[in-house]
Amino acid sequence: MRKILILLMMFNFCLSLSYAATEQEMMIESKQAIKDFAGKLKARLMEGMAKGGPVTAIQICNQVAEDIAKEVSEKQGWKISRTSLKPRNAKNTPDAWEKSVLQSFKKRQLAGEDISKIDHAEILQDNGQSVFRYMKAIPTQGLCLSCHGEKIPPDVSEKLRQLYPEDKAKGFKVGDIRGAFSIVREIK
Ligand code: HEC
């Protein structure tokens, strides 16, 4: 009986060790995927802004963000997306877990944490399947203000109104948390 107990404890210990290793590895991979996604998105955004200003760049955000997310997701075999407590596109509305993490990010920022470093990883059970989830805060920068700031130019505002009648992603200031990248990956 005792032997079985010890064996069971050892098994449990190994399982938690292997989970810890997986979580650590997945976190590193997730950070890399987000870097890749954010870099591609920013490059396309700046290209669009340089070509035709924010009104042209809106189209890029609108069409390209999803394509890049798909491309990065498929390459890695997981799902990567962007979300926010104040989304522009209703498709980016957070699920319950993402909402609670976004709220905790806000609290962490208020407590003095540097938002460029705010992130959260967790292994959860979803219908009997273990999933790894990771979120990383997205800071608002100067570049974002013409489309997410307090004073959006009228032509940009008009275009946004046409495309996103339920737009909530306005009124941000530099240093605010604009939203977060979110990754979901099944653990085999
Ligand atoms: C040219 C206008 C424009 C600029 C500049 C811009 N965005 Fe956006 N942003 C958009 C549009 C349009 C969407 C909706 C995209 C979609 O339909 O998925 C969006 C969506 C987002 C989302 C997804 C959540 C949501 O609200 O739907 C995040 C996060 C975001 N932007 C962050 C940023 C950050 C950070 C910057 C600055 C680095 C930035 N944006 C600059 C137009 C812009």
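Sequence positions, counted from 1, serve as the residue numbers for this chain. Counting convention: from 1, in listed order, for ligands and their atoms alike.
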Inset, instruction - Verify, without hydrogens or angle tests, whether Gln109 (side chain) and Lys106 (backbone) share a donor-acceptor contact under 3.5 angstrom. - result: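 Not a single qualifying donor-acceptor pair exists.
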
Checklist entry - Would you say Arg178's side chain and Gln141's backbone share a donor-acceptor pair under 3.5 angstrom? => result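 No; zero donor-acceptor contacts below 3.5 Å.
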
Give the atom numbers and elements of ligand 1 that come within less than 4.0 Å of a heavy atom of [X].
{"X": "Asn92", "value": "18 (O), 23 (C), 24 (C), 25 (C), 27 (O)"}
{"X": "Gln141", "value": "38 (C)"}
{"X": "Ala57", "value": "1 (C)"}

Filtering Ile177, Leu143, Ile152 for the heavy atom nearest atom 5 (C) of ligand 1 leaves Leu143

Shortest protein contact, [atom] (heavy atom only):
{"atom": "atom 29 (C) of ligand 1", "value": "Ile138 CD1, 3.6 Å"}
{"atom": "atom 14 (C) of ligand 1", "value": "Tyr164 OH, 3.4 Å"}
{"atom": "atom 20 (C) of ligand 1", "value": "Arg82 NH2, 3.4 Å"}

message = For residues 130-167, which residue pairs pass the ring-ring contact (aromatic ring centres under 6.0 Å, His included) check, not counting sequence neighbours?
response =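 Applying ring-ring contact (aromatic ring centres under 6.0 Å, His included) to every pair that reaches into residues 130-167, excluding sequence neighbours, yields nothing.
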
Please list every donor-acceptor pair under 3.5 Å in which a side-chain atom of residues 41-52 meets a protein atom from a residue at least two apart or in another chain.
none

In short, Leu102 meets Ala180 closest at the heavy-atom pair CD2-CB, 3.8 Å

task = Determine whether the side chains of Ser130 and Glu186 contain a donor N or O and an acceptor N or O closer than 3.5 Å.
result = no

### Query
Are side-chain N/O atoms of Ser182 and Arg82 paired as donor and acceptor at under 3.5 Å?
no

I'd like to know whether Lys159 forms a salt bridge (Lys or Arg N to Asp or Glu O under 4.0 Å) with Asp155, so could you lay out the CA-CA distance, the side-chain angles of the two residues, the decisive distance to 0.1 Å, and finally the verdict.
CA-CA 6 Å; Lys159 188 84 206 167; Asp155 53 342; over 6 Å; no

OG of Ser157 to CD of Gln162, rounded to nearest 0.5 Å, is 11.0 Å

Within a strict 2.8 Å cut-off of atom 8 (Fe) of ligand 1, protein N/O/S atoms tallied 1

At under 4.0 Å between heavy atoms, what of Asn89 touches ligand 1? The answer is both

Is the contact between Pro139 and ligand 1 made by the side chain, the backbone, both, or neither, using heavy atoms and a 4.0 Å cut-off?
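Just the backbone.
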
Exercise for review: Please report the C-alpha distance between Asp119 and Lys31 in whole Å, then the side-chain angles of each, then the deciding distance to 0.1 Å, and finally whether the salt bridge (Lys or Arg N to Asp or Glu O under 4.0 Å) criterion is met.
Suggested key: CA-CA 10 Å; Asp119 64 355; Lys31 281 186 187 172; 3.8 Å; yes

- Mind checking what makes ring-ring contact (aromatic ring centres under 6.0 Å, His included) contact with Phe37, not counting sequence neighbours?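 Expected list: Phe181.
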
Taking distance alone, with no angle check, do Thr83 and ligand 1 share an N/O pair under 3.5 Å?
no

